[in-house]
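We count ligands from 1, going down the list as the structure has it; atoms in each ligand are counted the same way. Keep in mind it's a predicted model, so treat the numbers as computed, not measured.
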Amino acid sequence: MTRAHDIVVGLDVGTTKVSAIVGEMVGDAVGVIGVGTSRSSGLRKGVVINIEETVRSIRQAVEEAERMAGVQVRSVFTGISGGHIRGFNSHGIVAVSDDEITQEDVSRVIDAARAVAIPLDREVLHILPQEYVIDDQDGIREPTGMHGVRLEAKVHIVTAAASSARNVIRCANHAGLEVDAIVLQQLASAEATLTQDEKDLGVCLIDIGGGTADIALFSDGAIVHTSVLPLGGNHVTNDIALGMRTPQQEAEQLKRRHGCALVENVDPQDLIEVPSVGGREPRPLSRQILCEIIEARVEEIFQLVKTEIRQTGYEDLLASGVVLTGGTSMLDSIADVAEEVLGLPIRCGAPSGVTGMVDEVNSPEFATGVGLVRYGSRNSGRRTPRMGESGILSRASHKVRHWLGGIF
Ligand SMILES: Nc1ncnc2c1ncn2[C@@H]1O[C@H](COP(=O)(O)OP(=O)(O)OP(=O)(O)O)[C@@H](O)[C@H]1O
Ligand SMILES: [Mg+2]
């Protein structure tokens, strides 16, 4: 029988689906032993808008994963997304108390870096160390034990609207689960899809789901930018429903079955049958019309991503290009549109780095869920918050075991 403390569970509460992935830690490796998914209808653009419906979806997904794994899930690492997420870079400097840098000096310098005014209605989700500078030596990742008199930390701070973060915790709690940590979704997806080489050379991760496009930029192995665009596959489906006058469900099917993000890759002779609304007869229409609608929206999403990347100033430092993941990355020819708009090499990434039932999670839709399991397995030894005790989780009504996590 598997012991509870060997288990780490990722709960991805997405706009279109909730997935629960049960991982078992065997030494340093994580094996997937259970997967459960359910339809999600309590979120809009990545944000919980209906607690009851979200709780129902969570219960369903977790019960399915429990049955498959043969364990009872008590706590989860859950993701968070939405247009309210903000990421920014900060730094702090401290004098080293003794000649040798201790863990305490590192904690102090991280505290100094987080000493920025955060509005009362926002909460810090992550403080992610980018690099340390000791005296004048930069590029240091592990300063503990080194000699120096002045220690500087450069960090990336991610904040969220307190109410949105609390609602995610509340939903998990109401479903009978404790929350080990809330993790920014693209951090989890990056954990599951990016290689260390890509992060070192510079890479942009884009997880396009149903309601949001989650962006994370890495340079020199560290995260330098995070943001969320409230746009995703649901917008493509809505456009199809409106443009082709067909019900939402049929529009979704048309997108998945016949969709293509680049019209020039579609044969002008191709015809598709489009169901009508109100019980009228289905109509034959050119597949190119469907794909024009899709292309316009997909292009818009990548134009917005492009503007976002430009604003960061890291545009020329992404030697590894872009990694696309999330359910919408399965859209035919989406990589071609991304390449055309962004002018960068594109790779579509499915989650990796786990063993066990890999076939069950071998889809970009599971990038966040698998990433949460990997993140959880790396952070499961930490039972107390390392930095800052005042986070939202420590005030949450149910026990929360971890809070902040670095990605090094
Ligand atoms: N084969 C496919 N072709 C095109 N689109 C697809 C395909 N499969 C799934 N999708 C789209 O992927 C989206 C769902 O992706 P995903 O499961 O990653 O989203 P989510 O995690 O629920 O939402 P979010 O992360 O935005 O909150 C839906 O819009 C769906 O239409
Ligand atoms: Mg998602």
Side-chain angles (χ1 to χ4, degrees), residues 10-21 35-50 53-54 57-58 60-61 78-85 160 164 167-168 171 183-193 205-216 227-241 248-262 290-291 293-295 297-298 301 305 323-335 337-338 348-351 361-372:
L11 179 71
D12 174 18
V13 186
T15 310
T16 64
K17 55 107 188 44
V18 172
S19 62
I21 300 178
V35 182
T37 52
S38 64
R39 238 176 64 82
S40 164
S41 49
L43 275 82
R44 210 169 154 261
K45 296 180 187 173
V47 176
V48 175
I49 54 158
N50 186 321
E53 278 181 25
T54 308
S57 304
I58 292 176
Q60 207 180 324
T78 187
I80 186 165
S81 184
H84 58 94
I85 298 289
S164 299
N167 283 338
V168 173
C171 288
V183 183
L184 183 67
Q185 283 185 9
Q186 54 266 55
L187 280 191
S189 300
E191 187 85 46
T193 55
L205 174 96
I206 315 173
D207 180 327
I208 314 182
T212 61
D214 305 334
I215 304 168
S227 57
V228 177
L229 300 176
L231 276 176
N234 281 357
H235 298 81
V236 178
T237 304
N238 285 346
D239 291 350
I240 297 169
Q248 286 278 340
Q249 256 179 343
E250 313 290 354
E252 178 73 25
Q253 286 311 317
L254 286 174
K255 179 177 83 172
R256 290 186 187 218
R257 240 178 256 153
H258 307 289
C260 177
L262 199 62
L290 169 75
C291 300
I293 297 173
I294 297 174
E295 184 176 322
R297 182 60 90 167
V298 169
I301 294 175
V305 172
V323 174
L324 278 184
T325 193
T328 298
S329 71
M330 287 190 276
L331 194 56
D332 187 9
S333 301
I334 192 166
V337 181
C348 288
V361 294
N362 187 22
S363 160
E365 287 172 296
F366 291 117
T368 306
V370 170
L372 286 167

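- Of all protein heavy atoms, the one closest to atom 24 (P) of ligand 1 is T15 OG1, 3.5 Å.
- Residue G233 has at least one heavy-atom neighbour below 4.0 Å for each of these atoms of ligand 1: 29 (O).
- The protein non-hydrogen atom at the shortest distance from atom 17 (O) of ligand 1 is K17 NZ, 2.9 Å.
- In this structure, the separation between CG on N50 and CZ on R44 is 13.0 Å, given to the nearest 0.5 Å.
- Of all atoms in ligand 1, listed by their number and element, those nearer than 4.0 Å to a heavy atom of G326 are 18 (O).
- The nearest pair of heavy atoms linking A241 to A251 is N-CB, 3.7 Å.
- Looking at atom 19 (O) of ligand 1, its nearest protein heavy atom turns out to be G210 N, 3.1 Å.
- Heavy-atom contacts of E252 reach the following atoms of ligand 1: 30 (C), 31 (O) (cutoff under 4.0 Å).
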Decide yes or no on side chain to side chain donor-acceptor pair (under 3.5 Å) for T325 and T193, but give the supporting numbers first.
CA-CA 8 Å; T325 193; T193 55; 5.4 Å; no
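- Between L372 and G79, the shortest heavy-atom contact is CD1-N, 3.7 Å.
- A distance of 8.5 Å separates OG1 of T15 from NZ of K17, quoted to the nearest 0.5 Å.
- Counting heavy atoms only, T328 comes closest to atom 13 (C) of ligand 1 of the residues V228, T328, L43.
- At the shortest separation from atom 1 (N) of ligand 1 among protein heavy atoms lies M330 CB, 3.8 Å.
- With contacts defined as side-chain heavy-atom distances shorter than 4.5 Å, the pair Q186/V228 qualifies.
- No N or O atom of D207 sits closer than 3.5 Å to an N or O atom of ligand 1.
- Nearest heavy atom pair, residue D12 against residue E365, reads OD2-O, 4.3 Å.
- Between M330 atom CE and K255 atom NZ the span is 9.5 Å, to the nearest 0.5 Å.
- For ligand 1, the polar-atom distance check finds no N/O of T237 at less than 3.5 Å from any of the ligand's N/O atoms.
- At a 3.5 angstrom cut-off on N or O pairs, G14 does not count as close to ligand 1.
- Considering backbone and side-chain N/O of P364, none are found under 3.5 Å from N/O of ligand 1.
- With rounding to the nearest 0.5 angstrom, the CZ atom of R257 is 8.5 Å from the CD atom of E250.
- Looking at atom 22 (O) of ligand 1, its nearest protein heavy atom turns out to be T16 OG1, 2.6 Å.
- With hydrogens left out, the protein atom closest to atom 4 (C) of ligand 1 is L331 CD1, 3.6 Å, a heavy atom.
- The shortest contact between atom 5 (N) of ligand 1 and any protein heavy atom is with K255 CE, 3.7 Å.
- The number of heavy-atom neighbours closer than 6.0 Å to CD of Q248, taken from other residues, nucleotides and ligands shown, is above 12.
- Below 3.5 Å of separation, one finds an N or O of G327 facing an N or O of ligand 1.
- Near N234, with a cut-off below 4.0 Å to any heavy atom, the atoms of ligand 1 are 29 (O).
- The line from SG of C348 to CD1 of I334 is 7.5 Å long, rounded to the nearest 0.5 Å.
- Proximity of Q185 to ligand 1 is established by a heavy-atom distance of less than 4.0 Å.
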